[in-house]
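Written below as structure tokens is the structure these notes are about.
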Amino acid sequence: MIFSKTLIAWYSNNKRDLPWRKTIAPYYIWLSEIILQQTQVKQGLPYYERFVRDYPTVFDLANAPESAVLKLWQGLGYYSRARNLHATAQYIAHELNGCFPNNYTDLLKLKGVGDYTASAIASICFNEVTAVVDGNVYRVLSRYFGVDTPINSPKGAKAFKQLAQTLIDKARPAEFNQAIMEFGAIQCRPKNPDCESCPFAKGCVAFNTQAIAVLPVKIKSAKPKKKHFNFLVLISKNHKTLLEKRKGKGIWQNLYQFPLIETKKDLDYNAFKDLVDDHSAVKGKSFELSLYNEVLVVHKLSHQHLYTRFWIVTTDDEVENAIPISTVKDYAVPILIGNFLEVFNF
DNA sequence: AAGACGGGGGT
DNA sequence: ACCCCAGTCTT
């Protein structure tokens, strides 16, 4: 109880003014929580503003084509969030008459809503006493209580959820949940936390045992895999180019890209030219190939490093399924492609 | 239990 | 180079 008292007092003095704190409407809270998954407030904020502007109700979001939702999500990453967001909006609009589930258990059944998000919505919108556990909460609790169970293990997830649940203010679950996250983001930061002015310093195990730097404990993840991407930037008759929609299970599902040739290693011009000769886009056509970037573009994701070259393919022939270059901007593309489009003078 | 899934920012 | 971010889903 003293913990939550101190925490909520800190929160009332230090909380940021954020748009989703001015409402408890489930649609807006849900939207903000999905956007903020694995995403810092600073990065997510402009996306939230644009989604609220373009889709003011869950019906507006449900009635939009997925392509438009992905376009608005472009650059935010983890695109399954956008696909699930859209699917869930359709489910709520069409199956539930626009009414969100009003408790943790039912919220948890929604696509893209896991333990954290279900707890956040249930507490903020419906005052349900269910504790959120996100990266901030792991950090605050592991340090204050000196818990060294790895946070990214099933055991850790269970232990920290349980601990948070014992601490939550049963009279003000929404305040408590938002307070502990805000405290982790602003005061109990990963690096250089502000322990000097921290109201919890006296009772903080990590602070009193010089363990701030080693908590929370996290199991190391595998090193990113290296891949070689070669994009064919076609420029054909009548100022057209070719985009393909990514399908299957991998990254950037349902986003668009230039025709891709993935290779095991970096190829020189002649070796790559042989591959292009066999590519369906230009098979049997006369074309000219030139390398756009002598220096590899390295695009780093959390689980893979993409070593990328853009190849310009010009032809005077007609190309099947080519689209006007002026319409490329309307497609949702990975930021790797988006960056290229910004500097390339089509 | 371990990977896959993005992109930006901090140290 | 490595870590983290208002995590979730699949294998």
Side-chain angles (χ1 to χ4, degrees), chain A residues 11 15-16 18-21 29-48 70 73-85 87-88 107-121 123-124 131-140 150-158 160-161 164 174 176-186 188-193 213-225 227 246 248-255 298-306 332-339:
Chain A
Y11 183 57
K15 67 176 171 184
R16 290 167 287 184
L18 298 170
W20 47 84
R21 293 200 172 136
I29 299 303
W30 166 68
L31 186 56
S32 71
E33 293 300 345
I34 301 298
I35 287 174
L36 292 172
Q37 288 169 3
Q38 290 294 285
T39 304
Q40 295 195 333
V41 167
K42 186 181 175 187
Q43 189 190 2
L45 185 52
Y47 286 84
Y48 175 82
L70 284 171
W73 198 272
Q74 181 178 309
L76 199 52
Y78 286 157
Y79 296 92
S80 66
R81 289 184 293 169
R83 298 189 301 268
N84 287 333
L85 185 81
T88 295
L107 285 162
L108 195 54
K109 296 172 184 163
L110 301 175
K111 274 189 186 176
V113 174
D115 178 81
Y116 163 77
T117 305
S119 298
I121 300 172
S123 62
I124 294 170
V132 296
V133 182
D134 72 336
N136 294 304
V137 177
Y138 280 126
R139 189 166 55 254
V140 171
I151 60 174
N152 55 344
S153 66
K155 192 177 168 187
K158 193 178 170 190
F160 282 97
K161 175 81 181 183
F176 178 91
N177 277 341
Q178 293 177 86
I180 193 168
M181 291 190 283
E182 189 79 338
F183 179 76
I186 292 180
C188 195
R189 299 178 295 256
K191 306 284 181 188
N192 307 319
V214 301
L215 290 176
V217 172
K218 196 171 186 178
I219 299 164
K220 301 246 185 286
S221 52
K223 296 211 168 173
K225 290 169 178 146
K227 293 191 170 187
R246 287 190 66 99
K249 307 201 133 185
I251 56 171
W252 304 328
Q253 191 185 5
N254 294 3
L255 274 69
V298 184
H299 188 66
K300 295 183 175 182
L301 309 177
S302 50
H303 58 300
Q304 31 184 309
H305 289 180
L306 309 178
V333 298
I335 215 64
L336 174 59
I337 303 289
N339 289 340

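In the text below, chain A, chain B and the rest are named by the order of the sequence lines, each starting its count at 1. The structure displayed is predicted, hence computed values, not measured ones.
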Margin query: How long is the straight-line distance from CH2 of W20(A) back to CD1 of I124(A), given to the nearest 0.5 Å?
Written below: 11.0 Å
Next item on the list: Indicate, yes or no, whether a donor-acceptor pair under 3.5 Å links the base of dG7(C) to the side chain of Y116(A).
Entry: no
Notebook entry, point to check: Taking atom P of dA6(C) as reference, at what distance in whole Å does atom NZ of K42(A) sit?
Noted result: 13 Å
Check: Between dA1(B), dT11(B), dA6(C), which nucleotide has the shortest distance from any of its atoms to the side chain of N192(A)?
Finding: dT11(B)
Next item on the list: Would you kindly give the CG-to-P distance between L76(A) and dG6(B), to the nearest whole Å?
Entry: 11 Å
Check: Which value, in whole Å, describes the distance between the P atoms of nucleotides dT11(C) and dG6(B)?
Finding: 15 Å
Item checked: I335(A) and its side chain to side chain contact (heavy atoms under 4.5 Å, CB included) partner, picked from N339(A), I337(A), V333(A) -> N339(A)
Next item on the list: Tell me which nucleotide among dT8(C), dA6(C), dG6(B) gets nearest to the side chain of T39(A).
Entry: dG6(B)
Margin query: Quick check: on DNA chain B, is the nucleotide nearest S153(A) upstream (toward 5') of the one nearest G250(A), or the reverse? Name the residue that is more 5'.
Written below: S153(A)
Next item on the list: Under 4.0 Å between any heavy atoms, over every strand shown, what does S32(A) touch: base, sugar-phosphate, or nothing? Just pick one.
Entry: nothing
Next item on the list: Using the closest heavy atom to pick a nucleotide of DNA chain B for each, name whichever of A222(A) or N339(A) lands nearer the 5' end.
Entry: A222(A)
Next item on the list: Decide yes or no for L110(A) and N84(A): does some side-chain heavy atom of the first lie under 4.5 Å from some side-chain heavy atom of the second?
Entry: no
Notebook entry, point to check: Counting any heavy atom closer than 4.0 Å, what does E182(A) reach on the DNA or RNA strands: base, sugar-phosphate only, or nothing?
Noted result: base
Checklist line | Length of the line joining Y138(A):OH and dA6(C):P, which is rounded to integer Å | finding: 14 Å
Next item on the list: Just compare dT11(C), dG7(C), dA6(C) and give me whichever is closest to any side-chain atom of K249(A).
Entry: dT11(C)
Note to self: By nearest heavy atom, map A118(A) and P190(A) onto DNA chain C; which one lands nearer the 5' end?
What the structure shows: P190(A)
Check: How many angstroms lie between OG in S80(A) and NZ in K249(A), if you round to the nearest 0.5 Å?
Finding: 12.5 Å
Next item on the list: Would you mind reading off the distance between K111(A) atom NZ and dT8(C) atom C1', rounded to a whole angstrom?
Entry: 13 Å
Item checked: Side-chain donor/acceptor contact of R21(A) with base of dA6(C) under 3.5 Å -> yes
Next item on the list: Considering only atom P, compute the distance from dT11(B) to dA6(C) and round it to an integer number of Å.
Entry: 14 Å
Checklist line | Atom pair CG/CD1 of L215(A) and I151(A) - distance to nearest 0.5 Å | finding: 10.0 Å
Next item on the list: Return the nearest nucleotide to the side chain of R139(A); candidates are dC5(C), dG6(B), dG7(B).
Entry: dC5(C)
Checklist line | Nearest to side-chain heavy atoms of K225(A), which nucleotide of dC4(C), dG7(B), dA4(B) | finding: dA4(B)
Item checked: hbond_proxy S302(A) side chain to dG6(B) base (donor-acceptor, 3.5 Å cutoff) -> yes
Checklist line | side-chain N/O K220(A) vs dC3(C) OP1/OP2, d < 4.0 Å | finding: yes
Next item on the list: Return the value, rounded to whole Å, for the distance between atom NZ of K158(A) and atom P of dA1(B).
Entry: 12 Å
Margin query: For a quick check under 3.5 Å, do Q37(A) and Y116(A) share a side-chain donor-acceptor pair by atom type?
Written below: no
Note to self: Tell me whether the side-chain N/O atoms of H299(A) come closer than 4.0 Å to OP1 or OP2 in dG6(B).
What the structure shows: no
Next item on the list: State the CG-CD distance between L36(A) and Q43(A), to the nearest 0.5 angstrom.
Entry: 10.0 Å
Note to self: Between Q253(A) and R83(A), do the side chains contain a donor N or O and an acceptor N or O under 3.5 Å apart?
What the structure shows: yes
Margin query: Categorize W73(A) for me: base, sugar-phosphate, or nothing, with a 4.0 angstrom heavy-atom threshold over every strand shown.
Written below: nothing
Margin query: Output the rounded distance in Å from CG (L31(A)) to P (dA6(C)).
Written below: 17 Å
Check: Is there a donor-acceptor contact under 3.5 Å from the side chain of R81(A) to the main chain of I35(A)?
Finding: yes
Checklist line | Of the listed nucleotides dC5(B), dG7(C), dC5(C), the one nearest the side chain of H303(A) | finding: dC5(B)
Note to self: In the structure I gave you, are the side-chain heavy atoms of V113(A) and T88(A) within less than 4.5 Å of one another anywhere?
What the structure shows: no
Margin query: Reading 5' to 3' and counting Watson-Crick or G-U wobble pairs with both distances under 3.5 Å, write the dot-bracket notation for DNA chain B, | for bases paired outside the strand.
Written below: |||||.|||||
Check: For Y78(A) and dC4(C), what is the distance between atoms OH and C1' respectively, to the nearest whole Å?
Finding: 11 Å
Next item on the list: Please tell me which of the listed nucleotides, dC5(B), dT11(B), dG6(B), lies nearest to the side chain of Y79(A)?
Entry: dG6(B)
Check: What is the nucleic acid contact for V137(A), judged by heavy atoms within less than 4.0 Å: base, sugar-phosphate only, or nothing?
Finding: nothing
Check: Can you find a side chain N or O atom of W252(A) that sits less than 4.0 Å from OP1 or OP2 on dG7(B)?
Finding: yes
Margin query: Rounded to whole Å, please give me the gap between CD in Q38(A) and P in dC5(C).
Written below: 7 Å
Next item on the list: Select one nucleotide: of dG3(B), dC4(C), dG7(C), the one nearest the side-chain heavy atoms of K218(A).
Entry: dC4(C)
Next item on the list: Determine the Euclidean distance between corresponding P atoms of dG3(B) and dC3(C); express it in Å to zero decimal places.
Entry: 15 Å
